[in-house]
Amino acid sequence: MTEVVTGMDGSGTTAAGPAPAAPSAAEPSVARISNWSEIRARFLANKLAVFGLLIVVILLLVAVFAPLIAPADPLHQDLMNTLKEPSSKHWLGTDALGRDQLSRIIYGSRIAMIVGLASILLACFIGITLGAIAGYFGRIWDTLIMRVADVFFAFPLLVGAIVIILLMGRGVLPVVISLGIFSWATFARLLRSQILSVREMDYVHAAKALGASRRRIVLKHILPNSVTSVVVYAASSVGIAIVAEASLSFLGVGVSPEVAEWGNMIFAGKDFMGVKDYLWVYPSLSIVTTALGFVFLGNGLRDALDPKLR
Amino acid sequence: MTTVETAAESIGTTAAGGPLLEVRDLHVEFKTRDGVAKAVNGVNYSVSAGETLAVLGESGSGKSVTAQAIMGILDSPPGRVAQGEILFHGQNILALPESERRKLRGNKMAMIFQDALSSLNPVLSVGFQLGEMFRAHQGLSKKDAKKKAIELMDRVRIPAAKERVGDYAHQFSGGMRQRIMIAMAIALEPDLIIADEPTTALDVTVQAQVMDLLAELQRESNMGLILITHDLGVVADVADKIAVMYAGRIVETAPVHEIYKRPAHPYTKGLLRSIPRLDQKGQELYAIKGLPPNLLAVPSGCAFNPRCEMAQDICRTDVPPLHTVTEADGGELPGRGSACHFWKETIHG
Amino acid sequence: MADLSKDDETTVEAVEAAINAPVDRGEPILQVRNLVKHFPLTQGIVFKRTVGAVKAVDGISFDLYQGETLGIVGESGCGKSTVAKLLMSLETATAGEVLYKGQDITKLSGKALKVVRRNIQMVFQDPYTSLNPRMTVGDIIGEPFDIHPEVAPKGTRRKKVQDLLDVVGLNPEYINRYPHQFSGGQRQRIGIARGLALNPEVIICDEPVSALDVSVQAQVINLMENLQDEFNLSYIFIAHDLSIVRHISDRVGVMYLGKMAEIGSDAEIYEYPTHPYTQALLSAVPVPDPEARAHRERIILTGDVPSPANPPSGCRFRTRCWKAQDKCATDVPLLAIPERFKGVDSPAAHDSACHFAEVKDVVGVA
Amino acid sequence: MGRYVVRRLGQLVVVVLGATMILFACLFVLPGDPVGSIGGDKARDPAVVKELRAHYGLDDPLVVQYVHYVEKLGKGDLGEDYTQGRSVNEILQPKLVNTAKLAVTAIIFDVILGLSVGVLAAMRRYSVWDVSVTFLTTLAVGVPSIVIGMILQRFFVVELGWFPLISDGSFNSMVLPAVTLAIIDAALVAQIARSTMLEVLRADYVKTAVAKGLPRRTILTRHIMRNSVIPVITYLGISFGGLLGGALITETIFNWDGIGLALITAIQSQNNPIIVGVVTYSVAVFILLNLIVDLLYAALDPRIRLS
Amino acid sequence: GGDNKDDKSSAGAGKGGGTFSLGLVEPVSIDPVNAQESEGILVTDNLFTGLYEPTADGKVIPALATSKTVSDDGKTWTFKIKPGTKFTNGEVVNAEAFIRGWTRLAAKASASDVATPNVGGIDGFEALQKGTGTTFSGLSAPDENTLQVKLATPDFEFDVKTTHTSMSPVPKVAGAGKNQAYNDAPIGNGPFKMSGKWEHNKSITLVRNDDYGLAKAHLDKVNISILNSANASQLEYQGFQSGQFDWARMPTAQLTAAKAKYTAQGEWIQAETSGMNYLLPITDNGPLKTAKARQAISYAIDRDAIIAGVFQGMQTKSTTILPPSFADVYTKDLCVSCIKQDKEKAKSLAAEAGLKPGDELHFGFNTGGGHEEWVQAVAQQVKDVLGLNVKIDAKPFKELLAAQQAPGATGAYRFAWGADYPTPDNFLFPLLDSKSINPDASGKVQGDNRARYNSPAFDALVEKARSTKDTTARNEVYKQAEKLAMDDQALIPLWNRTQFRLVNTKKFANGAMDFHEDPNLAQITLK
Ligand SMILES: Nc1ncnc2c1ncn2[C@@H]1O[C@H](COP(=O)(O)OP(=O)(O)OP(=O)(O)O)[C@@H](O)[C@H]1O
Ligand SMILES: Nc1ncnc2c1ncn2[C@@H]1O[C@H](COP(=O)(O)OP(=O)(O)OP(=O)(O)O)[C@@H](O)[C@H]1O
Ligand SMILES: [Mg+2]
Ligand SMILES: [Mg+2]
């Protein structure tokens, strides 16, 4: 998150870190150090990152294999067994329609993953494209894009999302689109400020001096060196998007209420606060865990993607 | 200010005559993710009042870390003094409690850093930062402190000091900033100043101005000066004696005149030979082969051995102690030492 | 950006033909004429207004001959790097010409410029920021071949990269390593290898060794000299360390505040400097010889370098010059052989932009 | 600097126009007839409907409506709302004040809580304290504020009875909503404060301050805190948009009569003038706030010149 | 409202004084001219007293009226008004005050939502609505305390309509309908009066009217906190629990727990009110066009299971269109398909109606009303039994309304109807009479008959009932009409509108729910 801020005011610190202690060049390493294996090694050395990855992978697996894992159909109502406390039969109890909570949470991970990932991917896509244009081409593009970003930035996320959803109707796609559309501005700003500093790096001049095309300079030199903070921000935003989606459900504009989705579950369960707390506690925990997983993963990725960090 | 005479105040009044500062077998380590980096490995040197000791050596050899250990401003964690003594006016300051050491800093010993811009707080006016010294150590009022700050700025020849006392670091040129750093160091007339590469970031003409000023101020108040640098030219200009560091150790010590004439360590020798000279246009430059050592994996034996042309088997196994260097006839050379198994061959060969 | 119309096609061919013509040793390969670069000082975020200009380079002329090394010295901010960038067309010149084999490269763009860029390369000061931290050494040195595929057929590239590593004295097996795994000196070698990849004729070195330790600096300088001999390169060598410049250069130009103060052969500049600024500069260089310190006369300048946004009138050095007179404030001294040395067969008779030029030996050798 | 402020205010106009334009485009292609919402849910006489449409200019093309809106906006008039026929300004201004009260209190919480927690974490880096701060702050961001708010309400209002349920404008009734609103930002502020502190702690000028022999306290307050607070302020400026989003939920839970609640009600009843009004206000406030942040920024950091 | 017959007894029943607090959603209006929903009515009913009043169990009792007569043609009504009562500003309440109020209600400028159903039948209404006239030609005051009403069409239940709060008298200061000062602080003749003005979205405070012309209230003061609709029942309940409110609704989810907790203390109020919950089928279009299809749906729903599972037994199944509180006409089990789920019957009816498994059925409901659960249960049952592809469509209320009104709407909608006054006509005519479809040019339904039920036979029966003077006979006709509509399954009854309230019995006595589901403030006494 910090990167966001320092990025915002344009004082992002991207200068190459201090000179590392001289590497042990004594023994020529013959081993082919591939890009990925090195990143992987750095990543795996970071316990928190691995923990985050574990959470995310488990969630993804759960989402993909929900039908195999879930003990029951998340939509199956059993009106004779409504509001049953957690038991061996229903590990996390049943809701007001006698649906198995555990199964709903398991299926809910699908929506969470889709909404969380897709909306952030969308925001990233728009934000990175526009941020790159603004940062690299500067001038009128910069002014134009940044003013538009200001507009979106000043527009409260939930408000924007609600309007779009009213426009498109309820459902997963509108939620994804609206969250994406109203969160790209941060990505664009972040990337732009990073690019502004990377743009002046000597290796960019070197590539220009070689006669490299703009495309090449942007794609090979500028973007890879400016997206890390975007990656971190994106990862932490996944959690924010999931929370926002849950809030939309609370405000009655999320996905359709029968859908097994964490926000819906919290929304339905909140009325039972103090009576049947398990109804809102477990879905809330699911959201928190997911958000934590992505944040850890993001921070880990940033560290791993940076070959300088050791 | 206080009635109780603290240890720090008593320092400086006792033990006159001996060296001002003596570093004995100092070891400093840093815990890093990849292991313990032994940045300083048994450094010995001393400075007397009015004397200038130049500490030479390439990047990462431990010059700054030693200085920081003396000042007590090591990054700790991860750094720590693992072993050794630092005697200031004969008293081991490493044994003092932090509150006592704080009173020494700025007051009895001061430090000038390499990069003046980043060493000055960007959001406080330079006058304020200068005055702070007097407020913290002498309890002066804000107004008096400001007056003192102006005096100081005058003293380091900052034009229009009165008008500029409220300016911020970024509003001064590089040379002026460094002069402000010097002003800060001499503010309380300390006994010892450590200047860590004070001019590396400056242009030659400005560097000359600043070095001159520093030398002059030192002479005026008879301070001990430790000048850290890797510029042999600067050393030749101002130093009285020299200590050369390599991989966390002192590899050679000598009075300034001696070392240029007769280096007693192959590293020093290589260093001197590899400097291009303004007054000569030679052929190919001499170059020390190989690379500086990795502190996480310092070569066994003499740390310089992989790069040394004279290296023999013993160099790969035994760490050479700092030999006292003698003339060919056996007469001792005062102040000279070399940590080379083959110092004789080096100095006489 | 370039609109490659038909006219441009012919230009490209013309340029290609021109630059493929060999140049004899001792002939000028690069001619710089009245080069000017002003950076606009702007205010405002939405609507930018120009409120002035930083006169980073303000009318500079010199020649670079085939096979020689031209050193350029001067204090920080005097415009050295800007000159380098102009020569590389990394910045667009405000005025003036840079003629490479007679082609004005400041007017070229697109393909034609790309052709020229094959022949002029650059080595940067900071070995830490001049290599993309996310590319392997192989990719960095191989990038020129990706950009100019005609230079090396696909299959041969890896080999070529390894050869280049060998040439600059690095183990060819390092090809898959990342820049951060190398020391500063090694990184600078990688930068040099990248510069050499396209077999350029001219290499512009912007302070290539300033960031290196003395013990490593010599290795790099030696390498550069060897490469020059081997590949018949012409160097423009920018530095603020006058000793290094003297060591490597055949001719030296001294810059002050966007202008060339003095230019001549190395002996002329170091032993017979006629411009006061050159003299001050040389005298300020610390000499690694304690014997010299007693009998060296040093000229300590007062004051700081003025801002290039608002340079002094007349001679730009006059605010710090001990010889300055009224004339210096009004007349801009031209870079030419000073009146009093004209026709004199002496090393002092070289270009110097001072109204009161006179020889003063400050190095103490001659 | 005066010029700078003027230009920033000019920018405000541009952004407000942009935002309202987007909103207009969205709102008026919405399904449903806003006139249906004028008054209650009852069916009404077509003649009346027609007249109402004319009164609110709803039969004009979108562009004309927008131009009318902008014209009025220029005079500081935000139009009339649909349900009560009252001036939007008149309706929203007291709510804006209420929300502002809440937001300011929340921001004060943010700063006090976030800054102190973050700074402590940075000072005791790698300690149990530091790790738990990292963990808890991440946690706080991950829990929907609905849940936080309802837990607080249940516990402190219903169980303990410490705070009134219904706001009476007193500070006491503001505590819970403000805390709910503040929690996420406080967590983020703590994270930011922690990492900038770590950066500042390593800065050379801190080393200088230590080398000067200054007391720890002085170093902390004068040299460290002041430099660390700048990114925090920036963050608070830009987080305002999120704050308003949070206000939607907080105000609903705590029945706080602010613009968030007004917005929710307006959205549910398609009371477009109110929606547009709220967004206009909030965008304007957002920009004004960031202008203040910039000025503050310049006041705190002399390197920044506003020109 | 007050009850003039129990004057003495109620005055002596409890102690006076006390402040009663409750939470309320922001009313549309607290000026009778546009008061319409239970929130607005709560306030206006206590600020104003009209001719007649409804009782909680659906009877009509006189308030200021001392007698009524209707002509045999059902077109002329004469009311005698209790003399000498006053508005709180001292003005006398006489026939003129009623004429003033009703004229104001009908005036075009007032743009009242409740004018047409209440005074629409009076001569001269058209002119007022169009703005061409300023006086109500059908109203006259033969003397100070006599009000004569001439109707354009016969209406033997006009007296019932006068129970509506909009039919209150107003003082001269009321002025035009749109009168911000009066709208926000109405001056009336009821048991309470305003203390200060309406603080929008914040509060309304009432204090006792000590000059009230009928039985005086006991409470000193009523504090009404205005709550947001999205969270109101939650807030009310929490407010009650924490002792900040003396009256509260509660979220459905908390009903069981609340009942268990508060029954013992006698704080639990439960009543079936004059409201009904239905599934509204669109009868002119789409899958539910035929009566058989609608019956199939009705049979497919297991109301008992939903009541047991979702409502935890807190609702009562309904089998009629009219609410049980209309005791005179109520005929249990009129809706045969409602009595018990019958999957086989549902399937065979569906087959006859041409409803095939996989057919799409649109099912709309509004968010924010706590309907999510049972809607899903109903949808699931229909899906399970008939194999229909039920598409749940959740929308904010206004949008749902628009969707129901839209030309070409199909499927079923959640629907509930509460009576404005206690007469079958108030259900049957607006909901099912073809005149209440009232489509505009585009086909958008403007009336309340959004099921678009169109049966000439039904219309004729309603017509007939309206022109029957004798109450018992009239009720018989209404019964017939209801049966007809039920046989056509014009609406699908689900459950009665059972309402639950909590009232603070530690401090107060006599608290109960009135006809509009509001607390009977005028009767509440301090303990
Ligand atoms: N805070 C730290 N954490 C880890 N290692 C450190 C730290 N500070 C210094 N070191 C290590 O200690 C060694 C000695 O550093 P030092 O700064 O003393 O070198 P130096 O001789 O001053 O070099 P230079 O000429 O570049 O200033 C270096 O290898 C450095 O990596
Ligand atoms: N892009 C730019 N915009 C505005 N001013 C610039 C720009 N680039 C350089 N300058 C200014 O032009 C002047 C010359 O800069 P240049 O980098 O050429 O100096 P230099 O001689 O290379 O200095 P150094 O030795 O520090 O590298 C400086 O005052 C600098 O601030
Ligand atoms: Mg150092
Ligand atoms: Mg430069």
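We name chains A, B, ... by the order of the sequence lines, and we start the count at 1 in each one.
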Trainee: What part of E:Gln234 is in contact with chain A, defined as an atom under 4.5 angstrom from a non-hydrogen atom: side chain, backbone, both or neither?
Mentor: side chain
Trainee: Return the option, out of A:Ala96, A:Ala268, A:Ser256, with the maximum number of heavy-atom pairs under 4.5 Å with chain E.
Mentor: A:Ala96
Trainee: For the interface with chain A, which of E:Lys395, E:Met250, E:Gln312 has the highest count of heavy-atom pairs at distances below 4.5 Å?
Mentor: E:Gln312
Trainee: I'd like to verify something: which residue of A:Met273, A:Gln77, A:Lys276, A:Met80 has the highest number of heavy-atom pairs under 4.5 Å with chain E?
Mentor: A:Gln77
Trainee: For the residue pair E:Trp495 and E:Phe311, does the interplanar ring angle fall in the parallel (under 30°), tilted (30 to 60°) or perpendicular (over 60°) class?
Mentor: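 Plane angle over 60°, so perpendicular.
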Trainee: Under a 4.0 Å threshold between the charged nitrogen and the carboxylate oxygen, would E:Asp342 count as salt-bridged to E:Lys340?
Mentor: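 Between E:Asp342 and E:Lys340 there is no salt bridge, as every charged N stays at least 4.0 Å from the carboxylate O atoms.
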Trainee: How far apart are the closest heavy atoms of A:Ile242 and A:Gly116, and which atoms are they?
Mentor: CG1-CA, 3.9 Å
Trainee: Strictly below 4.0 Å, N to O, side chains only: are A:Arg104 and A:Glu261 in salt-bridge contact?
Mentor: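 Result for this pair is no, no salt bridge flagged.
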Trainee: Of the listed residues (E:Val310, E:Ile392, E:Val375, E:Asp302), which shares the most heavy-atom pairs with chain A below a 4.5 Å separation?
Mentor: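 If we count pairs closer than 4.5 Å to chain A, E:Ile392 comes out on top.
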Trainee: Testing the basics here: between E:Gln341 and E:Ala300, what is the closest heavy-atom pair and its distance to 0.1 Å?
Mentor: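 Minimum heavy-atom contact is NE2-O, 2.9 Å.
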Trainee: What part of E:Ala257 gets within 4.5 angstrom of chain A, counting heavy atoms only: side chain, backbone, both, or neither?
Mentor: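 Answer is side chain: those atoms of E:Ala257 sit under 4.5 Å from chain A.
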Trainee: Mind ranking E:Gln381, E:Glu372, E:Glu373 by heavy-atom pairs under 4.5 Å with chain A and telling me who comes out on top?
Mentor: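 The candidate making the most pairs under 4.5 Å is E:Glu373.
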Trainee: Got a salt bridge between A:Arg99 and A:Asp78, using NZ or NE/NH1/NH2 to carboxylate O under 4.0 Å?
Mentor: no
Trainee: Looking at chain E, which one of A:Leu279, A:Val275, A:Leu97 has the largest number of heavy-atom pairs inside 4.5 Å, strictly under?
Mentor: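 Going by pairs under 4.5 Å, I would pick A:Leu97.
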Trainee: Please list, in residue-number order, every residue in residues 235-247 of chain E that has a heavy atom less than 4.5 Å from any heavy atom of chain A; write 'none' if there are none.
Mentor: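 So far as heavy atoms go, nothing in residues 235-247 of chain E approaches chain A to under 4.5 Å.
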Trainee: Would A:Trp280 and A:Phe272 count as a close aromatic pair, with their ring centres under 6.0 Å?
Mentor: no
Trainee: Who among E:Ala379, E:Ser233, E:Ala308, E:Ala394 has the most heavy-atom pairs with chain A under 4.5 Å?
Mentor: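 The residue among E:Ala379, E:Ser233, E:Ala308, E:Ala394 with the greatest pair count is E:Ala394.
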Trainee: Where do E:Gly358 and E:Asn389 come nearest, in terms of heavy atoms and distance?
Mentor: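 Between these two residues, the closest heavy atoms are O-CB, 3.7 Å.
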Trainee: Can you label the angle between the A:Phe152 ring and the A:Trp184 ring as parallel, tilted or perpendicular, going by 30° and 60°?
Mentor: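 Rings of A:Phe152 and A:Trp184: tilted, as their planes differ by 30° to 60°.
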Trainee: Strictly distance-based, threshold 3.5 Å: is any side-chain N or O of A:Ser103 a donor or acceptor partner for the main-chain N or O of A:Ala72?
Mentor: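 Yes, A:Ser103 side chain to A:Ala72 backbone: donor-acceptor pair under 3.5 Å.
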Trainee: Checking heavy atoms, do the side chain of A:Leu83, its backbone, both or neither come under 4.5 Å from chain E?
Mentor: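 Contact with chain E involves the side chain of A:Leu83 alone.
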Trainee: Looking only at atom types and distance, does a side-chain atom of A:Thr82 sit under 3.5 Å from a main-chain N or O of E:Gly309, one as donor and one as acceptor?
Mentor: yes
